[in-house]
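Below: one structure, written as structure tokens.
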4 protein chains.
Amino acid sequence: MAVAGRPRSDESHKAILQAAYDLLAEGGLAGFTFERVAARAGVSRSTIYRWWPNKGALAMESTLGSLTAELRISPDLSPIENIHLRLRRVAEAMKGPTGRIIAGMLAEGQQDPDTITSFTEGYLEPARGTMRALLRQAIDEGYLPADFDVETAMDVSFGSLYHQLMLRRSLEADWVERLTHFMFGRALLR
Amino acid sequence: MAVAGRPRSDESHKAILQAAYDLLAEGGLAGFTFERVAARAGVSRSTIYRWWPNKGALAMESTLGSLTAELRISPDLSPIENIHLRLRRVAEAMKGPTGRIIAGMLAEGQQDPDTITSFTEGYLEPARGTMRALLRQAIDEGYLPADFDVETAMDVSFGSLYHQLMLRRSLEADWVERLTHFMFGRALLR
Amino acid sequence: MAVAGRPRSDESHKAILQAAYDLLAEGGLAGFTFERVAARAGVSRSTIYRWWPNKGALAMESTLGSLTAELRISPDLSPIENIHLRLRRVAEAMKGPTGRIIAGMLAEGQQDPDTITSFTEGYLEPARGTMRALLRQAIDEGYLPADFDVETAMDVSFGSLYHQLMLRRSLEADWVERLTHFMFGRALLR
Amino acid sequence: MAVAGRPRSDESHKAILQAAYDLLAEGGLAGFTFERVAARAGVSRSTIYRWWPNKGALAMESTLGSLTAELRISPDLSPIENIHLRLRRVAEAMKGPTGRIIAGMLAEGQQDPDTITSFTEGYLEPARGTMRALLRQAIDEGYLPADFDVETAMDVSFGSLYHQLMLRRSLEADWVERLTHFMFGRALLR
DNA sequence: ATTTAAGCGAGACGGTACGTCTTGTCTTGAG
DNA sequence: CTCAAGACAAGACGTACCGTCTCGCTTAAAT
């Protein structure tokens, strides 16, 4: 049952998200301003304020879509190999604009807890869900021992990866490989 | 041999660092302003600009002293236990104001790479140095296999710990214990 | 047909002009600061910057109104007497706050030519217009010779008067009287 | 009888005056700063503060020498012609850097009365002295009537000339000629 | 057909902080 | 006693954003 009043402009909505994404990709958190987003989107500032309470929320929404795309599983690989592949892809993505955006959101979140919540719910938990399933499968199929600590494994893998990102340290393929070896042992990766 | 010119006021210097530390401890990065630091320290703003190029540098210097205090080794414990103890202490410290400050600096560093450099050189590398020594000792004394990947172990331990911090997730003792178990295996912790 | 956007606050506008006038009247150019004007007007600094490009412009606008008031002609006096009266009144006004303001604007104009332009167009030219009319009338009515140099007479009268002002020299009635005698000859002043 | 202590550096003294003069000539009052004078003179700021109480005094002293140079009388001309010549030369000088400096000092004097005093005593009164002598000579020799108001004539000539300068109006030769005509009548100038 | 209820642009407003600049004072060490 | 060097408190500068606000216009559902 539609409410009275002029409906929300889908055009503006999209333009804002796109402008926000572009700005974040270009300069990270610095230079990410409501004013600039509005200017680039060709939209009035108040329209942004009407729909997003703060920069974190806007940054989140403008980014989430593009983040979840790469979460795909190859059924012809072993669970451990699948995990390795996923980590490698995520690391790869983090080297580009997506990485700047995520780092920016984690940074923004230090001032505004809501951003952390959105980030966790919107991106991290889904990612952990897939990873969790893979780890459980690995246990079920005997690749990992029954008492393998799944949750900690995820804290470790995501944690070290994103920390690496924030410190602007290496996210190259061999770093990911060493990480996987460290977590699972060399034997499990053909 | 002192240089010409009025010498730097040690009093102001200390007052600035103290005020900066207090502000960071109180409100984290938000509300950490040169203006407020100056006001609280009873110092003119230009004096701060004269000595610190940006907020990150000031935040760093105001915190480093209190950070390095806790880097002490108990010689009567095994290397693994020492590592565990260190991680627990660091995690404990991160729950208080120090944690907010470090999270703030990592956040600030996303806009200003110099802050990351200062953080790495001033705090992280020294911490890694101690940790590295302990891990090598553990290998030498047979607690860990000869091919144990020391560097990755540090990426993992510090990484997951600080990521946990930034996500405002648990830093409780049992989390640290699970982390240590995950990295070294339960057997090694008495 | 009003333009879109929040309309300019007439209240703030007036408060700014009033505060500017008061500050100028009190202390002349020294102490005339956007910051103080803002504080006294109870207005944010940016509001002033939005409407006036520099101090001179604000000083001008805050003063022009009160300046043009005194330009009135008494029809029952001879043109020469009218001129004399006008000069005496202007000189009188220059002894008060208005004088400090005008001196301040002429001073300010040495750094910023726009201030001079505003002053000339907003105040001086109108004043010269009236004076010019009186001089022409005096010629027409035979008080002054046909080849009397009207423009130079105005350069001389205004010039010596405002120079006197800037040098903080006498602006008393007898000085004005001597000036008039010098320009027109004693005979013409009853 | 020399006083104890290091003698005043004549080199610094001259460098300061020269730097001050240059800065004034280049940019007028704007950009005339103790800091810049010190920098350009290769002198410490405190040295300037030790010898000059404020900008006006420094501006004055740096300029006075070059101002009085042009006050010379040609004995083979009539007094009126000499006056005319003098005014023309002063007007000519005012079109260059000297003019900017004098205008700057008159402006500066609106904030600091001492500058006005220095200006009057150091430059204006001497100039008026010469002019006064010429006018008296003109009266004595019958070029001007015995009751010619000498002081007012000087107020008028200098006043209109310097006002013209401050308004950035014409200081061309024909303007000076019209001024002389206005004051003395056409007959007296061949 | 008219009212009502948003959405939206434009843009003013009070604030806060930025980083820079200048002022006038002070403190040191060297001449 | 002078001078260079330079630190210091104070405070204004002009700019950039913030979050809020007031308008007038537009768009659609409800009356």
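By convention in this document, chain letters (A, B, ...) are assigned in the order of the sequence lines, proteins followed by strands, and residues within each chain are numbered from 1. Predicted, not measured: the structure shown is a model, and the values here were computed from it.
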Rounded to the nearest 0.5 Å, how far does CZ of F119(D) lie from CG of L167(C)?
6.5 Å
Output the distance between atom OG1 (T120(C)) and atom CZ (R168(D)), rounded to the nearest 0.5 Å.
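Going from the OG1 atom of T120(C) to the CZ atom of R168(D) covers 10.5 Å.
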Roughly how many Å is it from [atom1] in [X] to [atom2] in [N], rounded to a whole number?
X	N	atom1	atom2	answer
R40(C)	dA12(F)	CZ	P	13 Å
Q111(C)	dC13(F)	CD	C1'	13 Å
D112(A)	dG19(F)	CG	C1'	14 Å
N54(A)	dT20(F)	CG	P	11 Å
I48(B)	dA7(F)	CD1	P	15 Å
W52(A)	dG19(F)	CH2	P	15 Å
Y49(C)	dC18(E)	OH	C1'	13 Å

So, using side chain to side chain donor-acceptor pair (under 3.5 Å) as the criterion, who are the partners of S46(D) when residues are at least two apart?
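Side chain to side chain donor-acceptor pair (under 3.5 Å) list for S46(D), sorted by chain: S44(D).
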Positions of residues 29-39 of chain A (non-hydrogen atom under 4.0 Å from DNA chain F), listed by number:
T33(A), F34(A), E35(A), R36(A)
Show me the protein contacts with nucleotides 2-4 of chain F, counting only N or O atoms at under 3.5 Å.
from   : atom 1 : to     : atom 2 : distance (Å)
dT2(F) : O4'    : R6(D)  : O      : 2.9
dT2(F) : O2     : R6(D)  : NH1    : 3.2
dC3(F) : OP1    : S9(D)  : N      : 2.3
dC3(F) : OP2    : W51(D) : NE1    : 2.7
dA4(F) : OP1    : S12(D) : OG     : 3.3
dA4(F) : OP2    : S44(D) : N      : 3.2
dA4(F) : OP2    : T47(D) : OG1    : 2.6

Which pairs with one or both residues in residues 100-112 of chain B pass salt bridge (Lys or Arg N to Asp or Glu O under 4.0 Å), sequence neighbours excluded?
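Found none.
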Does the side chain of [Y] come within less than 4.5 Å of [X]'s, by heavy atoms?
X	Y	answer
I116(A)	M166(B)	no
I102(D)	L106(D)	yes
W52(D)	L17(D)	yes
Q110(B)	M105(A)	no

N/O donor to acceptor pairs below 3.5 angstrom from side-chain atoms of residues 20-38 of chain B, sequence neighbours left out:
from   : atom 1 : to     : atom 2 : distance (Å)
D22(B) : OD1    : Q18(B) : NE2    : 2.9
E26(B) : OE1    : R40(B) : NH2    : 3.2
E26(B) : OE2    : R40(B) : NH1    : 3.0

Stems field, DNA chain E, Watson-Crick or wobble, 3.5 Å, at least 3 pairs, by first number, holds E:1-31 with F:1-31
Could you tell me whether the side chain of R8(B) and the main chain of W51(B) form a donor-acceptor pair under 3.5 Å?
no
Is the side chain of T63(D) donor-acceptor paired with the backbone N or O of A59(D) at a distance under 3.5 Å, no angle test?
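Yes, because the side chain of T63(D) sits within donor-acceptor range (under 3.5 Å) of the backbone of A59(D).
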